[in-house]
Number of protein chains: 2
Amino acid sequence: MGRGHLLSTPPYEVETALKRLGANLRTARLRRNITLADVAKRIGASREVVGEAEHGKPSTSIAIYTALLWSYGLVERLGSLADPATDDEGLRLASLRERRNASTPQPLDDDF
Amino acid sequence: MGRGHLLSTPPYEVETALKRLGANLRTARLRRNITLADVAKRIGASREVVGEAEHGKPSTSIAIYTALLWSYGLVERLGSLADPATDDEGLRLASLRERRNASTPQPLDDDF
DNA sequence: CAAAATTGTCGGTTAAAATCGACATATAAC
DNA sequence: GTTATATGTCGATTTTAACCGACAATTTTG
């Protein structure tokens, strides 16, 4: 995956935010009294990657993190992360001039 | 990466949550009137992966998503995603019995 | 209309993510 | 103490994410 300049050494704020998220996920799991192996099986991933996510590993896929949120019933919060309605800076800029929608050549319904 | 059962076909709720997050990230970028190439260079990633993140690709690393939030000044919201203080289900369970630490199972101190 | 800018896509390369098995080290329970 | 459970770590393998360059398709601008 390339020499992953971002993946290996992310900005400090990114690193700390991920560590905090990982710690929160661990707390959520322990409160629910389930093991790494249990939740890993439930989301269809290996036990290792779940442990790495709980440590805030930056190069771990967002699917792992999101599936953990989902298994704890917290996934709907993800969609409000960059919610345009609460993006104050964006709202301010949008009120000045909304940049017309960028190119989207073909629907191409991406299903990864 | 293994046959990535989760990465290729995540739960429906996970998929939709990621697509919504990606769309929000795109809106945030367009409002700020910057290009994919600009933000990619700013976070130290390739233009492609940023575009993929804006499509909600599950197998993309969380570092990309988080760096985008960071570049838009929204990264602090990530840490509150699974915030133990607002995890109602977790709080309810924690009030019953906290699994971590809390050794010495309190041999039943029913006073009176 | 054409030119410019933005975004999408393709082929090829490289580094590493994710998996599995087995074992070591906590941690909790007996 | 001992046993059982949970988590961390290691090596090896397979899959592929992320990179780069170039080009195609799209949208915006003049």
Side-chain angles (χ1 to χ4, degrees), chain A residues 1-10 18 22-23 25-27 29-68 97-112, chain B residues 1-10 18 22-23 25-27 29-68 97-108:
Chain A
M1 316 162 96
R3 42 224 161 291
H5 155 278
L6 197 166
L7 301 161
S8 53
T9 55
L18 286 176
L25 286 171
R26 166 153 295 200
T27 300
R29 176 177 61 82
L30 293 175
R31 280 181 172 172
R32 287 159 178 79
N33 204 39
I34 55 186
T35 68
L36 280 178
D38 283 339
V39 70
K41 182 178 180 183
R42 187 139 182 284
I43 69 176
S46 71
R47 179 171 58 88
E48 284 183 333
V49 294
V50 177
E52 291 171 342
E54 290 186 352
H55 281 78
K57 189 177 174 188
S59 54
T60 295
S61 74
I62 199 172
I64 306 290
Y65 287 88
T66 309
L68 289 176
R97 46 134 167 63
E98 179 92 54
R99 193 169 178 276
R100 309 202 202 291
N101 284 341
S103 73
T104 308
Q106 285 288 19
L108 187 51
D109 202 32
D110 30 332
D111 211 11
F112 300 104
Chain B
M1 302 153 119
R3 46 208 171 297
H5 157 279
L6 196 165
L7 302 160
S8 54
T9 56
L18 286 176
L25 287 171
R26 167 154 294 201
T27 300
R29 175 177 61 81
L30 292 175
R31 280 182 173 173
R32 286 160 179 80
N33 203 40
I34 55 187
T35 69
L36 279 178
D38 283 339
V39 70
K41 181 179 180 182
R42 186 140 181 284
I43 69 175
S46 70
R47 178 172 58 88
E48 285 182 334
V49 295
V50 177
E52 291 171 342
E54 290 186 352
H55 281 67
K57 188 178 175 188
S59 56
T60 296
S61 75
I62 199 173
I64 306 290
Y65 287 89
T66 309
L68 289 176
R97 47 136 164 58
E98 181 91 51
R99 200 177 104 79
R100 206 181 190 175
N101 291 337
S103 46
T104 32
Q106 283 296 78
L108 190 55

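Nothing here was measured: the structure is a model prediction, and the numbers come from that model. Here is how names work: the chains are called A, B, and so on, in the same order as the sequence lines, proteins then strands, and each is numbered from 1.
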Taking CD1 from A/I62 and C1' from D/dA17, how many angstroms apart are they, rounded to a whole number?
15 Å
Quick one: side chain to side chain contact (heavy atoms under 4.5 Å, CB included) partners of B/A53, sequence neighbours excluded?
B/I64, B/Y65, B/L68
Closest to the A/S59 side chain, choosing from D/dA6, C/dA17, C/dG8
C/dA17
Rounding to an integer number of Å, can you tell me how far A/L36 CG sits from C/dT27 P?
14 Å
Does OP1 or OP2 of D/dG8 have a side-chain N or O of A/H55 closer than 4.0 Å?
yes
Sorted by number, residues from residues 39-49 of chain A placing a heavy atom under 4.0 Å from DNA chain C are A/G44, A/A45, A/S46, A/R47, A/E48, A/V49
Ranking D/dG8, D/dA18, C/dA18 by distance to the side chain of A/T60, first place goes to C/dA18
Among B/R29, B/R32, B/E54, exactly one meets side chain to side chain contact (heavy atoms under 4.5 Å, CB included) together with B/V39. Which residue is that?
B/R29
Rounded interatomic separation in angstrom, taking CG from B/L6 and P from D/dT16
14 Å
Answer yes or no: is there a side-chain heavy-atom contact under 4.5 Å between A/I43 and A/V50?
yes
Provide, to the nearest angstrom, the distance between the CG atom belonging to A/L7 and the P atom belonging to C/dT14.
18 Å
Interatomic distance where CD belongs to A/E54 and C1' belongs to D/dT9 [whole Å]:
16 Å
Please compare B/D38 and A/S61 by the position of their nearest nucleotide in DNA chain C and report the one closer to 5'.
B/D38
Is the shortest side-chain N/O distance from A/R26 to OP1 or OP2 of D/dG8 below 4.0 Å?
yes
Could you state the atom-to-atom distance from CZ of A/R29 to C1' of D/dT5 in whole Å?
13 Å
Point-to-point distance, once rounded to the nearest 0.5 Å, from CG of B/L7 to CD1 of A/I62:
12.0 Å
Is there a donor-acceptor pair closer than 3.5 Å between any side-chain N or O of B/T9 and the backbone N or O of B/H5?
yes
Salt bridge (Lys or Arg N to Asp or Glu O under 4.0 Å): which pairs involve residues 36-53 of chain A, sequence neighbours left out?
A/E52-A/K57
B/K57 side-chain proximity, nearest of C/dA18, D/dA17, D/dT7
D/dA17
Nearest-angstrom distance from the residue atom CD of A/E52 to C1' of C/dA18
8 Å
For A/L6 versus B/A67, what's the shortest heavy-atom pair and its separation?
CD1-CB, 3.9 Å
For the pair made of CG in B/L30 and P in D/dT27, what is the distance, rounded to whole Å?
14 Å
